Structures are given as C-alpha cells and as structure tokens.
Amino acid sequence: MDTRSALLSTLRYWRACGIDRLTGEAWGWQHPPLKLPVTPVPRLSVPIVPEVAPVPPSVIDEPVPVSLDRLLTSPLPLDERVALLAERAGRVAGCQACALSLTRRKALYGGGPADAPVVWIIDAPGEAEESKGMALAGDGRELFEGMLRGLGLGRQEVYVTHLVKCRPPADRAPRGDEIRLCQGYWIEELETIRPRAIVALGKVVVETLLGDVGRLTKARGQVHVWRGIPVIATYHPTYCLRAPLSKRALWEDLLLLKKRLDGVE
C-alpha cells in the first residue's frame, strides 16, 4: 500500500471512531511560527504651513497714553509746536506697537504747517502714500487739491494726517485695535496744532471721532464738535471718484467749512 492509500485508510478509521477534525499537535507536528514579510507603512509627506510669528513682547510698545476725556490744552508757541511734531514723527518712524509695523515699508506721520487752520484726517495710508511719503498722494489727490484751490487754500497751508500711521496689508481699512494703539499720535497732533477746524474724511474717521453716526449721509452737512473743535464729516476724495454724484456733497461740506473759517455761522 502506498503512502497516500495508507493515509486515507487511517483517516477513514479515525472518522469511524467519531473523530473528524485533527490538528497538527495530534500528529506531533510542530509548525514554526509563520513569519510574514513586514512592509513598512509609507509616511505621508504633508507640507507644514508656517505659522505667522507673533510680535515678540520685547518689541511691542504701549500705545501713547492720552486721556480721551480732557479738553485740548492751550496753544503752544509755534517753534515749540514744530519741535514737538518733529520729535513725534521720529517716534512714529520706529513704532512697533502693532503688527502693521511688520508689513509696512515706512510709517507715515502727518504733514503740513504746525499752525494750520484745518487738519484733515484720513483712515490709513495706501500704497501711493507709502511710496511717496505723503498723505492723499493716490487717485484722490487731484480732486482734493482742486477743491482746496476752490476754497482759496494751497496744499502747503493744510495739515493732513492718518488715524493709523502704517499702511494696512492690501490697503484694507484699519481695524479697531490698530486705531486704538495709534490714537495717541493723532490726538497729540491735534493738541499740538490746535486747528480751527477738523475735516474727517470717510466713515471710519467720522465714527472714530464722533462715535456711531449711522450712515455718513446723516453725519455730513452739519458741524460737529470734538473737544471744542468744529468737525466737518464728509466723503473721502477717492470714494468720490468711484461715486461721482458724491462730489457735489463733498464740495457742499467744504463750503460749510469755509463759512466756519470765515466766521459765518
């Protein structure tokens, strides 16, 4: 009997005995542990997006301490005003009070005579202003200077400044925290110059000086007061280029300014 036949005969015998399942141990077989080749799981290569580094505490300046409730001080002699403005312009150039200092090319302090009768305030410098180092140097410059001439004023006779001294990325509107950190600078400018009137250009500036006024159309066309100084709320010249019908409203507001300067109530 060959081996195969002998094995089949043995299996039939065990089945007849009621045993129909055999394991290797019953036959004395010792199976070595099965070793499967281990294939390492490939690691996914996920690009790591770098986080924006926070401003180190060592370079964060405190905002300029200014009491927002007190009235403006008495006017200083002209030479002292000039010296103060020059000193503060140097301080602004190195300011690192907010994250805008990390993206700016230069800080832009206000410009104009220290005894200017009118201070014009804009929300923030744009790309053109940052490049040329002066306020209202962009698309609205020609309209602004033309209206000044209509009032009998030259550009060199007015003082123009910004709520924030550094250009926000992509020329976006400045945020509330940026305005708060920078407010000491423009308040000091107004306290130093003591203008006879302030022109607030655009809703951001109007609401910073006067609070929530709703739509700008409701705030313009009248004289407001900020710490004893008359305030004219009106449109930004650049906005007027996008909405030409607002040019007439801007000119009417400037005529209201001229009446105040001429002493006509």
Side-chain angles (χ1 to χ4, degrees), residues 63-64 66-72 98 100 110 112 116-126 129 135-136 138-140 143-144 147-148 150-151 158-168 171-191 193-262 264-265:
V64 179
V66 174
S67 171
L68 299 181
D69 298 322
R70 66 185 176 83
L71 294 175
L72 294 174
C98 74
L100 292 182
V118 183
V119 170
W120 307 67
I121 306 180
I122 316 166
D123 55 356
E129 286 76 14
L136 279 172
D139 295 337
L143 176 60
F144 173 64
M147 290 193 170
L148 284 181
L151 296 175
V158 298
Y159 191 97
V160 187
T161 191
H162 302 92
L163 292 181
V164 299
K165 307 306 185 186
C166 301
R167 175 195 174 197
D171 290 346
R172 63 165 171 79
R175 299 195 304 260
D177 60 310
E178 295 163 346
I179 295 174
R180 180 183 63 81
L181 288 169
C182 216
Q183 69 183 0
Y185 292 129
W186 58 264
I187 291 177
E188 283 184 333
E189 287 175 279
L190 293 174
E191 288 185 328
I193 297 170
R194 286 303 307 268
R196 294 173 55 197
I198 298 170
V199 179
L201 296 172
K203 187 175 181 181
V204 173
V205 182
V206 172
E207 292 193 336
T208 299
L209 268 66
L210 306 177
D212 186 7
V213 296
R215 296 177 62 86
L216 183 53
T217 52
K218 296 181 179 180
R220 58 156 301 271
Q222 54 187 303
V223 178
H224 305 270
V225 177
W226 183 85
R227 300 195 187 181
I229 300 179
V231 176
I232 304 295
T234 192
Y235 298 108
H236 192 294
T238 303
Y239 170 80
C240 294
L241 297 181
R242 301 194 303 268
L245 294 179
S246 62
K247 290 182 182 179
R248 179 181 180 86
L250 172 58
W251 177 241
E252 290 174 351
D253 292 333
L254 298 188
L255 291 178
L256 181 59
L257 168 67
K258 181 171 175 57
K259 289 182 180 180
R260 296 294 301 193
L261 296 177
D262 293 342
V264 179
E265 296 296 334

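The first residue of the sequence shown is numbered 1, and numbering continues consecutively from there. None of the values given here were measured: they were computed from a predicted structure.
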* To do: Could you pull out the closest heavy-atom pair between Gly221 and Asp253, with the gap in Å?
  => N-OD1, 3.1 Å
* Do Leu201 and Pro237 come within less than 4.5 Å of each other through their side chains, counting heavy atoms only? -> yes
* To do: Would you please classify the geometry between the Phe144 ring and the Trp120 ring as parallel, tilted or perpendicular, with 30° and 60° separating the classes?
  => perpendicular
* Asked: How far does CG of Leu256 sit from CH2 of Trp251, to the nearest 0.5 angstrom?
  -> 12.0 Å
* Would you check if Met147 and Leu250 make a side-chain contact, meaning some heavy-atom pair closer than 4.5 Å? => yes
* Can you check whether Trp186 reaches Thr208 side chain to side chain, under 4.5 Å on heavy atoms? -> yes
* **Between CZ on residue Arg194 and CD1 on residue Ile229, distance to nearest 0.5 Å** => 5.5 Å
* To do: Using atom types as modelled and distance alone, determine if a side-chain donor or acceptor of Glu129 lies under 3.5 Å from a backbone N or O of Gly138.
  => yes
* Would a distance-only check, ignoring hydrogens and angles, find a side-chain to backbone donor-acceptor pair under 3.5 Å from Arg260 to Pro230? -> no
* To do: Let me see the working for Glu207 and Val213 under side-chain contact (heavy atoms from CB on, under 4.5 Å), right down to the final yes or no.
  => CA-CA 6 Å; Glu207 292 193 336; Val213 296; 4.1 Å; yes
* Keeping the roles fixed (side chain from Glu188, backbone from Tyr185), state whether a donor-acceptor pair exists under 3.5 Å. => no
* To do: Please confirm whether the backbone N or O of Tyr235 pairs with a side-chain atom of Arg220, one donor and one acceptor, at under 3.5 Å?
  => no
* Backbone N/O of Pro125 and side chain of Lys165: donor-acceptor pair under 3.5 Å -> no
* To do: Please round to the nearest 0.5 Å and tell me the distance separating atom OG1 of Thr161 and atom CD1 of Ile122.
  => 8.5 Å
* Locate the shortest heavy-atom distance separating Val160 from Ala135; write the atom from each residue and the value. => CG1-CB, 3.5 Å
* Please report the closest heavy-atom contact between Val204 and Pro174, naming both atoms and the distance. => CG1-CG, 4.4 Å
* Asked: Can you tell me how far the OG1 atom of Thr238 sits from the CG atom of Leu136, to the nearest 0.5 Å?
  -> 6.5 Å
* Structure fact -> For Val206 and Thr234 the tightest heavy-atom approach is CG2-N, 4.5 Å
* Structure fact -> In this structure, CG of Leu216 is separated from NE2 of His236 (nearest 0.5 Å) by 12.0 Å
* Asked: Going from CZ on Arg167 to CZ on Arg172, what distance comes out if it is rounded to the nearest 0.5 angstrom?
  -> 11.0 Å
* Is the closest side-chain heavy-atom distance between Ile121 and Tyr159 below 4.5 Å? -> no
* Asked: More than 12 foreign heavy atoms under 6.0 Å from CG of Asp177: is that the case here?
  -> yes
* Asked: For Ala219, does its backbone N or O pair with a side-chain atom of His224 as donor and acceptor, under 3.5 Å?
  -> yes
* Minimum side-chain heavy-atom gap Arg227-Leu209 below 4.5 Å -> no
* Check: Ile179 and Val164 side chains under 4.5 Å, non-hydrogen atoms -> yes
* **CZ/Arg248: more than 12 non-hydrogen atoms of other groups inside 6.0 Å** => no
* Minimum-distance pair of heavy atoms, taken over all atoms of Leu210 and Val225 -> CD2-O, 4.2 Å
